[in-house]
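This structure is a prediction, so every number in the text was calculated from the model and none was measured. Naming: A, B, ... by sequence-line order, numbering from 1 per chain.
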Amino acid sequence: MRICVADVDGRRLLRPVDDAGRPRPPGAAGRDETSLGDVPPDVRVVWAETAAVYPQLYADGVRIARCHDLAVTEGLLLGHEGRWSEGRSPAAAWARLTGAPPPPEPQPRGDQPWAPDAETQETLFDVAPGPAGGALPAGVEPLAAVVALHADQQARVAAARREVPGFALLVAAESAAALTAVEMTHVGLPWSATVHDALLEEALGPRPVHGGRPARLQAVAEELAALLEEPRLNPDSQPELLRALRRAGLPVRSTRRHELQSLDHPVIEPLLRYRELARLHAANGWAWREHWVRHGRFRPEYVPGGVVSGRWASRGGGALQIPRAVRGAVVAEPGRVLVVADAGQLEPRVLAAMSRDRGLVAATRQGDLYAALAAEALGRPEARADAKLGMLSAMYGGGAGSPALAALRRRFPAALELLEDAARTGEDGGSVRSVLGRASPPAADGWLDGPGDEAAGGRRRAYGRFTRNFVVQASAADWASVLIASLRTRLHELAGPGPSDGAGPHLVFFQHDEVMVESPQALAGAVVEAITAAGAEATRLVLGDADVHVPLDAAVVRSYADKP
DNA sequence: ACAGACCGCGCC
DNA sequence: AAAGGGCGCGGTCTGT
């Protein structure tokens with residue numbers, strides 16, 4: 001059972017439909033919800049765009065158990081159908097369905113070879129007072145439009161499932177991800193200013209009163225200036241630094257850490273130390289906290305599916321790049337704990353399942369996959385680092401001539417063949433897809449064959465690396481979305497009925513293959529079980545009967561820094 | 001003065 | 001034969 005939702009003139013209208021999208025007569029289900037607060041958890045809400053409707057609803061205390069997000073689903077469907085050039089907003093879909101004039105398309109980002117961008121702030125359904133340009137054409141009844149678009153999408157999802165059985169799961173999981181992202185943005189990550197201050201002062205010295213460099217950072221800058229005999233050196237200026245290093249006789253092409261590290265010169269150590277401190281100060285220092293942390297919570301905006309592979313992106317505060325150096329500031333409030341879990345080495349495990357490579361599948365039985373590869377494929381148990389580099393090279397497209405890569409190819413031919421097939425498809429301008437059916441955008445017309453034979457070859461190989469990586473990165477994202485969807489439901493069952501932002505366990509962080517739940521201490525054990533069960537469910541639903549093992553070990557901690 | 005490119009680097 | 005994938009962000013530099 002589903003309920004279509006649209007707002008008209010400030011009133012919220014609901015219409016029950018069946019799973020195929022056919023309207024049901026009022027009373028047919030034995031109940032007629034009049035507000036979203038009454039929708040039972042087994043009913044799926046159908047609406048134009050979660051990100052537009054749900055934040056206010058959730059802030060008002062209404063928690064939606066499951067939804068079908070028309071915008072998210074349209075994007076997945078268009079990708080599967082190879083219709084990348086068509087708009088994915090509900091308004092654009094409505095125009096296609098009815099022959100109405102199409103809405104203005106968002107501009108492609110330009111620097112990317114695929115087009116156009118999925119991002120558009122416009123929903124054409126006026127669900128929230130938004131920027132102009134989102135209105136449906138005059139005379140269109142929004143609820144009727146939601147009903148019609150949903151029915152159309154359900155038919156297309158059914159068609160997609162005949163090719164990719166997991167496609168409906170993908171639609172449900174990505175819709176759940178949209179709900180989760182709104183909730184996580186609302187709740188925020190607990191952030192202790194006290195601990196953060198202590199970490200910053202330990203590394204940088206006291207907070208400068210009038211801006212400028214903190215004392216410890218300034219001291220290192222002066223040390224560098226003296227060592228390079230350049231009194232006015234600004235180490236933040238890459239050109240200045242490069243010139244100064246060359247004058248000092250260092251044959252450097254760039255000032256990247258990797259290039260500097262191998263050099264033997266007294267300036268290198270303090271320079272790298274300066275870089276580390278300057279980075280901490282600029283990216284996660286006091287100014288950052290004032291901007292992004294309010295009332296003890298860090299509230300970034302999450303963008304599920306913000307990456308073409310289906311990974312989440314974030315806006316504001318660098319939420320997906322919280323450096324290890326400040327993770328100590330993520331501390332649960334008194335009486336509460338953090339339960340943190342990450343799926344170790346998810347991508348090669350997903351690759352094992354997709355390729356059904358018998359050797360690689362067997363290796364996933366080991367807790368440390370890379371150690372297993374070193375021992376079994378390279379015959380050198382001590383060469384874990386080589387094995388890891390070889391595997392990553394296989395998935396990223398580098399590592400030419402790497403002996404480890406050659407050994408992996410001999411030992412795991414099916415896995416490597418899947419990657420190389422994907423790379424060839426990309427080099428030819430084609431599209432590949434994840435295990436649940438998320439498609440990669442084909443290269444835009446003319447991009448691969450642009451000017452210059454040499455350059456064109458480089459672009460083809462670059463696109464091949466993109467598709468090579470897409471198959472594993474996107475499939476890992478499939479797994480993670482299902483994990484999140486399953487975990488969210490389980491946590492809600494643990495919390496029981498009550499207001500949406502009550503004291504029960506909440507997802508507060510998600511980063512590609514890692515989840516964090518903030519929970520009352522008394523429920524910590526149950527949360528650990530929920531995470532374990534959600535991981536097992538994701539592996540079963542996404543990776544099927546491939547018999548691949550994905551470890552997801554949860555730890556109960558007070559602080560993120562205590563995560564093992 | 002402002003916008004966008006570039007660089008370098010944090011995370012996965 | 002050779003090619004490492006995906007992001008976001010801050011500081012500086014460059015062009016207008």
By salt bridge (Lys or Arg N to Asp or Glu O under 4.0 Å), which residues pair with A/Arg213, not counting sequence neighbours?
A/Asp236

Stacking here means centres under 5.5 Å and planes under 30°; does A/Tyr396 stack on C/dG4?
no

Once you apply a heavy-atom cut-off of 4.0 Å, does A/Leu392 come out as touching a base, just sugar-phosphate, or nothing?
nothing

NA contact type, A/Gly317, heavy-atom cut-off 4.0 Å: base, sugar-phosphate, or nothing?
sugar-phosphate

A/Phe298 has an atom CZ; how far is it from atom P of C/dC9, in whole Å?
9 Å

Side-chain atoms of A/Ala282 come closest, of C/dC7, C/dG6, C/dG11, to C/dG11

Regarding A/Ser481 and A/Glu174, is there a side-chain donor-to-acceptor distance under 3.5 Å anywhere?
yes

Whichever of A/Arg311 and A/Gly316 has its nearest DNA chain C nucleotide further upstream toward 5'
A/Arg311

Before accepting this row, confirm whether a basic side-chain N of the pair A/Arg459/A/Asp449 lies closer than 4.0 Å to the acidic partner's carboxylate O.
no

What is the distance, to the nearest angstrom, from the CG atom on A/Asp513 to the P atom on C/dC7?
17 Å

Rounded distance in Å between the P positions of C/dG4 and B/dC12:
23 Å

Any side-chain heavy-atom pair from A/Tyr302 and A/Leu320 closer than 4.5 angstrom?
yes

Check DNA chain C against residues 236-246 of chain A and give the residues with a non-hydrogen atom under 4.0 Å, in numerical order.
A/Asp236, A/Ser237, A/Pro239

Is the closest basic N to carboxylate O distance between A/Arg247 and A/Glu230 below 4.0 Å?
yes

With no angle test and no hydrogens, is the base of C/dG8 tied to the side chain of A/Gln321 by a donor-acceptor pair under 3.5 Å?
yes

Ordered by number, residues from residues 285-294 of chain A within less than 4.0 Å of DNA chain C (heavy atoms) are none

Would you say A/Asn234 reaches C/dT12's phosphate, i.e. side-chain N/O to OP1/OP2 under 4.0 Å?
yes

Report yes if the side chains of A/Leu241 and A/Tyr274 come closer than 4.5 Å at any heavy-atom pair, otherwise no.
no

A/Arg459 near the nucleic acid: base, sugar-phosphate alone, or nothing, with a heavy-atom cut-off under 4.0 Å?
nothing

Is there side-chain contact between A/Gln261 and A/Leu272, with at least one heavy-atom pair below 4.5 Å?
yes

Assess whether a salt bridge exists between A/Glu269 and A/Arg273, defined as any Lys/Arg side-chain N lying under 4.0 Å from an Asp/Glu carboxylate O.
yes

Specify the residues of residues 261-280 of chain A, ordered by number, for which at least one heavy atom lies under 4.0 angstrom from an atom of DNA chain C.
A/Arg279

Around atom CZ of A/Arg297, are there more than 12 heavy atoms from other residues, nucleotides or ligands closer than 6.0 Å?
yes

Using a heavy-atom cut-off of 4.0 Å across all strands, would you classify A/Gly399 as base, sugar-phosphate, or nothing?
nothing

Check every atom of C/dA2, C/dG8, C/dG6 against the side chain of A/Arg461 and return the nucleotide holding the closest atom.
C/dA2

Residues which pass salt bridge (Lys or Arg N to Asp or Glu O under 4.0 Å) with A/Asp562, listed by chain and number, not counting sequence neighbours
none

Which nucleotide span of DNA chain B, 5' end to 3' end, has atoms closer than 4.0 Å to non-hydrogen atoms of chain A?
B/dC7 to B/dC12

Salt bridge between A/Arg207 and A/Asp197, side-chain N to carboxylate O under 4.0 Å?
no

Backbone of A/Glu376 reached by a side-chain donor or acceptor of A/Arg380 within 3.5 Å
no

A/Leu233 atom CG is separated from C/dT12 atom P, nearest whole Å, by 12 Å

